[in-house]
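Beneath this line is the structure, given in structure tokens, with notes to follow.
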Amino acid sequence: MDWGMKNRMSRIFKPETGRTVMLAIDHGYFLGPTGGLEEPAKTVEPLLPHADSLMLTRGVLRRCIPSSFSIPIVLRSSGGTSILTELSNEGLTVDMEDALRVNASAVTLSIFVGEEGERTTLLNLAKLVDAGEKYGVPVLAVTAVGKNMTRDARYLGLACRICAELGAHMVKTYYCEGFEEVVRNTPVPIVIAGGKKIEERAALELAYNAVNDGACGVDMGRNVFQSDCPEGMIRAIRAVVQDGASVDDAFGIYRDAKG
Ligand code: 5RP
């Protein structure tokens, strides 16, 4: 890894811990309007002091996020499908030059192992890695799980390993039973998605179990911005990921913030 690539990685994963709290707000790229993201700047402004990086599309970045915000950007660079069509047929949507123009610290795309778009999305990953290596921009591969697949260690381990083999610099996947085995077989840092909104304590347990089983952090969205206290929730998640807090202590942070 050259200097630029290493520098960008260290903007995302805090060098003191090797971990990250990534806030995902890119849901609209295939879901359209998403609860909690009607006015993205209003949603994220109070959350950013507690996040290490922000994952979003270039449209929302350019139109909604003030350029004075200094948070490292993980730029969603795949799409082209919606919940109304075959989701897995994604293409690349951002040129690496434009990612550099918006000062992205990393780019990200989804891959769909076992789905109709498997070959296309894996080749997208290879292309994005080529461009990333050329300019020193790391690639975060998201192991999207289509409706025909099960989120178990066998499937997620397969998808994560393929991402790493194709050159992804980091992988985002789901937490599952046997997650340590997924981590052991994936020679790049893994962050976990939160998934659909669940009860706050359960979301904190998810983050706690993931980092204890070897994840290098979280890339969570709905369990933060759809919480009844988003700021309390991201502070609690940060305590788990970056400060090694227990679930009880983290839940206390959320509860106190909620008042
Ligand atoms: C979709 C994504 C989303 O950013 C991610 O899944 C959002 O996080 P969460 O599931 O925690 O809302 O990558 O492919």
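Both ligands and their constituent atoms are indexed starting at 1 by order of listing.
Here's the thing with Met55: none of its N/O atoms is less than 3.5 angstrom from an N/O atom of ligand 1. Note: an N/O pair closer than 3.5 Å links Gly194 and ligand 1 by distance alone. When only interatomic distances are considered, the shortest N/O to N/O separation between Ala193 and ligand 1 does not fall below 3.5 Å. Residue contacts with ligand 1: Lys196 is placed with no nitrogen or oxygen under 3.5 Å of a nitrogen or oxygen of the ligand (distance criterion only).
Within ligand 1, counting atoms from 1 as listed, the ones closer than 4.0 Å to a heavy atom of Ser110 are 14 (O). The distance from ligand 1 to the heavy atoms of Met220 drops below 4.0 Å at these ligand atoms: 11 (O). Distances below 4.0 Å separate heavy atoms of Arg76 from the following atoms of ligand 1: 1 (C), 2 (C), 13 (O), 14 (O). Taking every non-hydrogen atom of Val142 and a distance limit under 4.0 Å, the qualifying atoms of ligand 1 come out as 13 (O). Taking every heavy atom of Gly221 and a limit of under 4.0 angstrom, the matching atoms of ligand 1 come to 8 (O), 9 (P), 11 (O), 12 (O). Every atom of ligand 1 with a heavy atom of His27 under 4.0 Å away is listed here by number and element: 7 (C), 8 (O), 9 (P), 12 (O). For ligand 1, the atoms lying closer than 4.0 Å to a non-hydrogen atom of Ala24 are 4 (O), 7 (C), 8 (O).
Inter-residue side-chain proximity for Val218 and Val191 is flagged as unmet; no heavy-atom pair is nearer than 4.5 Å.
When only non-hydrogen protein atoms are considered, atom 6 (O) of ligand 1 lies nearest to Lys172 NZ, 3.5 Å. Atom 4 (O) of ligand 1 has Asp26 OD1, 2.3 Å as its closest protein atom, hydrogens excluded (heavy atom only).
Ligand 1 lies within reach of Gly195, whose nearest heavy atom is under 4.0 Å from it.
The OG1 atom of Thr20 sits 11.5 Å away from atom CE of Met55, with the distance rounded to the nearest 0.5 Å. Atom NE2 in His50 sits 7.5 Å away from atom CD1 in Ile234 (nearest 0.5 Å).
Among pairs with a residue in residues 14-30, those fulfilling salt bridge (charged side-chain N to carboxylate O under 4.0 Å, His left out) read Asp26-Arg76, at least two apart in sequence or across chains.
Note on Asp228 versus Lys258: salt bridge recorded, some NZ/NE/NH1/NH2 to OD/OE distance being below 4.0 Å. Contact check on Arg8 versus Asp2 returns no salt bridge, with no Lys/Arg side-chain nitrogen under 4.0 Å from an Asp/Glu carboxylate oxygen. Under a 4.0 Å N-O distance rule, the pair Arg184/Glu180 does not qualify as a salt bridge. A salt bridge links Asp98 with Arg62: the closest approach of a Lys/Arg side-chain nitrogen to an acidic carboxylate oxygen falls below 4.0 angstrom.
Checked against the 6.0 Å centroid criterion, the rings of His169 and Phe13 do not qualify as a close aromatic pair.
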